[in-house]
Amino acid sequence: MSLIVDDLTVKLYTNFKKKEFFNVADSVSFSVQNGEIIAIVGESGSGKSFLGLSLMRLNPPYISEISSGNIFVSSPENSEKINIAKLKENKLSDVRGRLISMIFQDPNVSLNPVIKIGDQIIEAILAHKKMKKKDAADIAMHYLELMRIDGKARFNSYPHELSGGMRQRVMIAMAMVLNPAVLVADEPTTALDVKTSLQVLALIEKMRVEKNVSVIFISHDLSIARNISDKTIVFYAGQIMEYGKTEDIINNPVHPYTISLIKSVPALSKDYVPREKLFVIPGSLSQNDFKSGKCRFYGRCFKKTEECLNNISLLKLNGERFVRCINIK
Amino acid sequence: MDDNKKQEVLNISNLSKYYFSYGSLFNVRKNIIRAVDNISFKVYEGEIFSIIGETGCGKSTLSKLILGLTNKTSGEILYKGDILNYNLKKLNLRKKIQIVFQDPYYSLNPKKKIYKIISLPAIKNKMIKKKDALHYSIQMLKKVGLDENYVFKFPHELSGGQRQRISIARSLSVNPELLVLDEPVSALDVSVSAQILNLLLDLHEKDNLTYIFITHDLRLVRHLADKVCVMYGGKIMEISPVDRFFKGPAHPYSKVLLESILAYGPKNILQFADADGNINNINNINNINNINNINNINAGIQKNNRGCVYYNLCSRRQDKCMNNEPELKENEDYRINCFFPYNL
Ligand SMILES: Nc1ncnc2c1ncn2[C@@H]1O[C@H](COP(=O)(O)OP(=O)(O)OP(=O)(O)O)[C@@H](O)[C@H]1O
Ligand SMILES: Nc1ncnc2c1ncn2[C@@H]1O[C@H](COP(=O)(O)OP(=O)(O)OP(=O)(O)O)[C@@H](O)[C@H]1O
Ligand code: SF4
Ligand code: SF4
Ligand SMILES: [Mg+2]
Ligand SMILES: [Mg+2]
């Protein structure tokens, strides 16, 4: 296992003085093997980015904190196992980038607009490793080329001189350059067209095969998740709603939320009828849902019953399949 | 099909838009960006005409040309037989064509209340008086499935889907006949996007509106379009009826596009035959070696002015394609811009 998330709860304060908060991640547990890709899927505002950021303790300080749980990362190369959730502040920078790194949803966070991309990657290397600048430059060049970017031509480019797809690939190069055990990729293809995003997916896959990296792939699109991931977490209002092998989840969704998500996208399946009304999930996700004591999907669910007004826990269906719903038969 | 019987709404012929970028003061070599390059096509009444192509291929430039938001370099656009010439400020024509932009966050004036946003185009076009603005915008809101409670709100008080409904309501407020939808759902969540797609299909059925639907998502094309027009490097590669296209596209570039969507799509679906009649089932992310060499589109386009724009990346290219512009293969059903298309 390269990552074990164990009962992680993250508080987000809506009013710090009055100690008003909600759990933006609520008792989240899952684990990722070396070289495994796990997708986290859910609507906008469900807390996916927050969860991803928290795994590196990059969740915004002052307004949020990890209130309980553990995040164990380990590298396949040596047996060190570190609990990021409990790590001292001054030890964090050693872990970030080296054991776990991230492609941020907002590209402005990862790339500095006024520094040439080659120099940015060199800086990232030198922050962790003592070596000559020239050697770091060679590594940077190597990673750019792994990402199929013409290193010689682009080393001295500024971010704005690259296309969206190229910038995305530079960010992957930068995240991968220290050979981390875990890569968190937050919506890495959302802003890209089909072909470019396929290219980015292929490169993530390549990193998995060649570097054995484990990937947390965050997306709001189940159909992208299905082809890149081994396992999928369907996430809603800070909670895991359904968790299991991606194939099982797509072919046999059990949770009403998962079923709703699948039905709201025009599919490419054979039995699909053009122009048939798409399913619309009524209502919308609100911050109040995070505080709700009943099933958090209750207000929008097509299967709700009175029993759903209780707190619903994550049930184990079989082996690796978990569902948070009491009306699954 | 019976295109002859249907009324022609838009007839675009030899339309081009070039952007020029200059080198430094002393090196005044001009770079030409052929954003839209000698394009011709027709759109018929009540049709959903989709335009697909990767980023930078000229989709938005084309929609701006149709809307008169940018000047053309050459060519002609006929709207129901009339020349669209925006310099003459033919407001009457202009209001028959409206656009809905991709981003519902930036396309609405944040300082204006919803009813003002919706009614402004109608007031400008002298269709209604200022005092009727409120009443009128409530009617428009109903059309897009929102109630009157929204009229006094500001854009920031609405969700992404609601904002996109407002943009649609604003476009509908001048009774357009043709709506240009430039990636209307790509900034939205799946559940919100489902609402908007349903709404667009409803409006289409009720009012027989004609759509030009710009997207890079082939799933949407298949879901709602009648025809698909594939663009690459400012040119049209293929125009085909949607059914035919998804059975097996004819242009080499269309095939790559379709393969890339299939690589996303569910396993064991949508198989199609290649030129030799073999069934391809491309659903494995590892199978996409051909995608990896599609690095720099613009480099591919600029090197090659005389021949086919797709030459540098094409898997079926032959010597002939390098120096000759492909001929249009055309019948009433399709148009293919290629010397060596897949079986038709
Ligand atoms: N910096 C912040 N300050 C306060 N609240 C925040 C902040 N960032 C996010 N939130 C809130 O936390 C919740 C989860 O947000 P998060 O960004 O994790 O969602 P997400 O699932 O990544 O959504 P998206 O798909 O839109 O990226 C939301 O209710 C959001 O409004
Ligand atoms: N104002 C401009 N000045 C110079 N070049 C421009 C301008 N607008 C667009 N271009 C260029 O014209 C080409 C076509 O751009 P356009 O915006 O039409 O593409 P698109 O197909 O809409 O792409 P996307 O899918 O990214 O929206 C691109 O190469 C672009 O860089
Ligand atoms: S517990 Fe009830 S409300 Fe929640 S998802 Fe299941 S059926 Fe729906
Ligand atoms: S004309 Fe030639 S180069 Fe162009 S798409 Fe057809 S086969 Fe390929
Ligand atoms: Mg996010
Ligand atoms: Mg565009």
Side-chain angles (χ1 to χ4, degrees), chain A residues 41-46 148-150 153 163-166 169 190-199 201-206 209 220-224 226-228 247 250-251 260-285 300, chain B residues 48 52-57 159-162 186-195 197-198 201-202 204-205 215-225 242-243 246 256-257 259-271 283-286 288-289 291-298:
Chain A
V41 179
E43 279 165 286
S44 182
S46 54
R148 297 185 185 273
I149 286 173
D150 181 354
S163 74
M166 279 174 137
R169 282 180 277 151
T190 304
L192 306 174
D193 65 82
V194 223
K195 228 172 65 179
T196 325
S197 60
L198 195 67
Q199 206 173 24
L201 289 184
L203 291 168
I204 290 176
E205 174 67 18
K206 188 172 145 105
V209 174
H220 65 257
D221 194 341
L222 251 177
S223 60
I224 295 176
R226 79 179 303 165
N227 254 300
I228 187 94
E247 245 181 64
I250 302 282
N251 294 332
S260 305
L261 277 182
I262 291 177
K263 280 201 295 188
S264 58
V265 194
L268 278 174
S269 58
K270 269 205 172 114
D271 52 3
Y272 153 81
V273 187
R275 295 194 181 175
E276 197 171 50
K277 272 260 174 335
L278 296 170
F279 180 76
V280 175
I281 310 175
S284 60
L285 170 64
R300 307 173 69 192
Chain B
I48 302 187
I52 58 165
E54 62 203 73
T55 181
C57 73
S159 73
Q162 288 167 339
S186 54
L188 306 173
D189 234 346
V190 279
S191 51
V192 181
S193 132
Q195 288 171 27
L197 293 172
N198 286 348
L201 280 173
D202 271 356
H204 170 75
E205 262 163 42
T215 179
H216 56 242
D217 190 342
L218 272 169
R219 288 177 300 183
L220 302 188
V221 169
R222 171 135 177 245
H223 182 60
L224 47 69
V242 163
D243 323 349
F246 279 89
V256 170
L257 275 184
E259 284 173 3
S260 49
I261 180 73
L262 288 181
Y264 279 155
K267 309 232 155 102
N268 73 28
I269 48 118
L270 224 133
Q271 309 187 325
N283 53 36
N284 189 335
I285 198 86
N286 298 317
I288 47 164
N289 302 327
I291 307 293
N292 287 333
N293 58 31
I294 317 174
N295 252 333
N296 191 337
I297 351 161
N298 286 333

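In what follows, chains carry the letters A, B, and so on, assigned in the order in which the sequence lines appear, proteins first and then strands, with residues in each chain numbered from 1.
- Summarising the geometry, atom CG belonging to A:Leu278 is positioned 3.5 Å from atom NE2 belonging to B:His223; distances are rounded to the nearest 0.5 Å.
- Note: A:Ser284 OG to B:Gln195 CD = 9.0 Å, rounded to the nearest 0.5 Å.
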**Asked** Passes side-chain contact (heavy atoms from CB on, under 4.5 Å), A:Lys277 versus B:Leu201? Steps please.
**Response** CA-CA 9 Å; A:Lys277 272 260 174 335; B:Leu201 280 173; 5.8 Å; no
**Request:** Run the numbers on A:Arg275 and B:Leu197 for side-chain contact (heavy atoms from CB on, under 4.5 Å), then give the verdict.
**Result:** CA-CA 9 Å; A:Arg275 295 194 181 175; B:Leu197 293 172; over 6 Å; no
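- A donor-acceptor pair is defined here as one N or O able to donate and one able to accept, closer than 3.5 Å; no such pair exists between the side chain of B:Asp189 and the backbone of A:Glu43.
- In this structure, CG in A:Leu285 is found 9.0 Å from OG in B:Ser191, a value given to the nearest 0.5 Å.
- Between B:Leu220 and A:Pro266 there is a side-chain heavy-atom pair separated by less than 4.5 Å.
- Proximity to chain A (any heavy atom under 4.5 Å) is restricted, for B:Asp202, to the side chain, taken from C-beta onward.
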